[in-house]
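Computation of the quantities below employed the complete heavy-atom set of this structure, encompassing side-chain atoms and omitting hydrogens, waters and symmetry-equivalent molecules. Letters A, B, ... are given to chains in the order of the sequence lines, protein chains preceding strands, and every chain is numbered from 1. Small disclaimer: the values here were computed from a predicted structure and weren't measured.
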Amino acid sequence: MKRNLENELDLGFAAYRAVVAVPDARPSFSTDIWSAIEAKRAARVFGFWAKALTSSALAASLALGVLSSMPERLPEPEYLAAYLEGNGPAPFDAELGYSIVDSETSR
Amino acid sequence: MLIEREVLDKARGGDDAAFNQIMQAYRKRIFGTIARIINRPQDVEDVAQEVFVRLYFSLKQLRAAEVFEPWLYRLTINASYDYLRRQKRRADSPLADFSEEMMLLADADASTATFQEERRQKGIRDLMDWLFNQVSEEDRILLTLKEVEGLSLKELQEIYEVNENALKVRLFRARQRVLRAYAKAGKEAGISSEGLEAW
């Protein structure tokens with residue numbers, strides 16, 4: 001006789017449904033869940049602060065890195081002009097025939 | 001739904017007492033679904049615990065109260081799937097062991113009626129477990145939900161968020177793969193058709 005596998009499988013599923021063992025929950029089931037929830041919550045809080053700390057440390061080191069790699073800032077143009085003027089050659093006094101600075105230094 | 005919408009809303013708002021109510025209402029159903037999917041009574045509670053912990057932390061993401069049950073099914077399926085994947089890393093039960101079970105079934109004359117019945121039930125569970133181990137976890141879960149849990153196509157559509165045709169194709173293919181494994185079990189283990197028909 002030819003077997004009807006489809007039919008046998010259907011019977012198998014039905015038999016399995018009838019015999020599958022569904023256990024009862026332990027009395028501590030709810031308590032255990034709340035403990036697991038609390039543990040996960042604590043881990044999340046810790047994870048959040050650890051992440052925040054790591055991120056801020058990373059941001060700070062990046063900022064310091066960027067600052068240290070920047071070229072030194074040039075003085076503003078007006079200060080630069082005054083600086084150049086102050087350090088330029090001493091004005092030449094035509095009447096005296098030498099510069100004021102030279103006369104002072106030659107004394 | 002097994003709970004009032006208000007209870008769900010309160011739980012979504014962080015009310016622990018409301019969440020306890022949800023646990024009480026759905027515990028039995030979730031235990032049943034997990035037991036049928038994983039077929040390991042000793043591990044059902046651990047997987048159920050994982051489902052409820054995931055539920056607690058993702059309840060705020062629930063779009064609407066109407067989709068709560070399919071959504072809870074998805075959480076249950078995902079936790080069961082993770083468990084099955086972990087189990088699969090262990091060595092698969094050899095077909096020889098299963099064959100021995102069937103031999104014991106046939107040799108039950110000398111046993112008491114209760115013992116015979118226990119052996120028969122164990123034989124069925126072991127055969128189904130072996131069959132399901134021959135296919136992917138996805139196939140196992142889909143077929144369990146449809147053929148053992150008895151969910152309708154509409155319910156499965158909501159859980160899997162796919163259209164009817166796609167679901168039917170997936171079901172058909174999964175069933176074909178289990179059928180091939182079933183035919184192979186008969187041939188390779190030398191189990192007579194009477195043995196398998198004696199479900």
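Neither the backbone nor the side chain of B:Gln42 comes within contact range of chain A; no heavy atom of the residue lies under 4.5 Å from a heavy atom of that chain. B:Phe31 touches chain A through backbone and side chain together, each having a heavy atom under 4.5 Å away. Looking at B:Gln176, the atoms closer than 4.5 Å to chain A (heavy atoms on both sides) all sit in the side chain, from C-beta outward. For B:Arg36, the parts sitting under 4.5 Å from any heavy atom of chain A are the backbone and the side chain alike.
Salt bridge annotation for B:Arg85-B:Asp82: absent, with no cationic side-chain nitrogen under 4.0 angstrom from a carboxylate oxygen. A salt bridge links B:Arg5 to B:Glu66: at least one charged side-chain nitrogen sits closer than 4.0 Å to a carboxylate oxygen. With respect to B:Glu147 and B:Arg175, a salt bridge is recorded, a charged nitrogen being found less than 4.0 Å from a carboxylate O.
Residue-level contacts of residues 34-48 of chain A with chain B, in order of numbering, are A:Trp34, A:Ala36, A:Ile37, A:Lys40, A:Arg41, A:Arg44; threshold 4.5 Å between heavy atoms. Within residues 49-70 of chain A, no residue has any heavy atom closer than 4.5 Å to a heavy atom of chain B.
Note: the hydrophobic cluster containing B:Leu156 does not contain B:Val169 (ILVMFWY, side chain heavy atoms under 4.5 Å, direct or indirect links).
B:Glu4 is linked by a side chain to side chain donor-acceptor pair (under 3.5 Å) to nothing, counting only residues two or more places apart in sequence or in another chain. Residues passing the side chain to side chain donor-acceptor pair (under 3.5 Å) test with B:Arg140 are B:Asp129, B:Asn133, sequence neighbours excluded.
In terms of non-hydrogen atom pairs under 4.5 Å with chain B, the most contact-rich of A:Val20, A:Val19, A:Asp32 is A:Val19.
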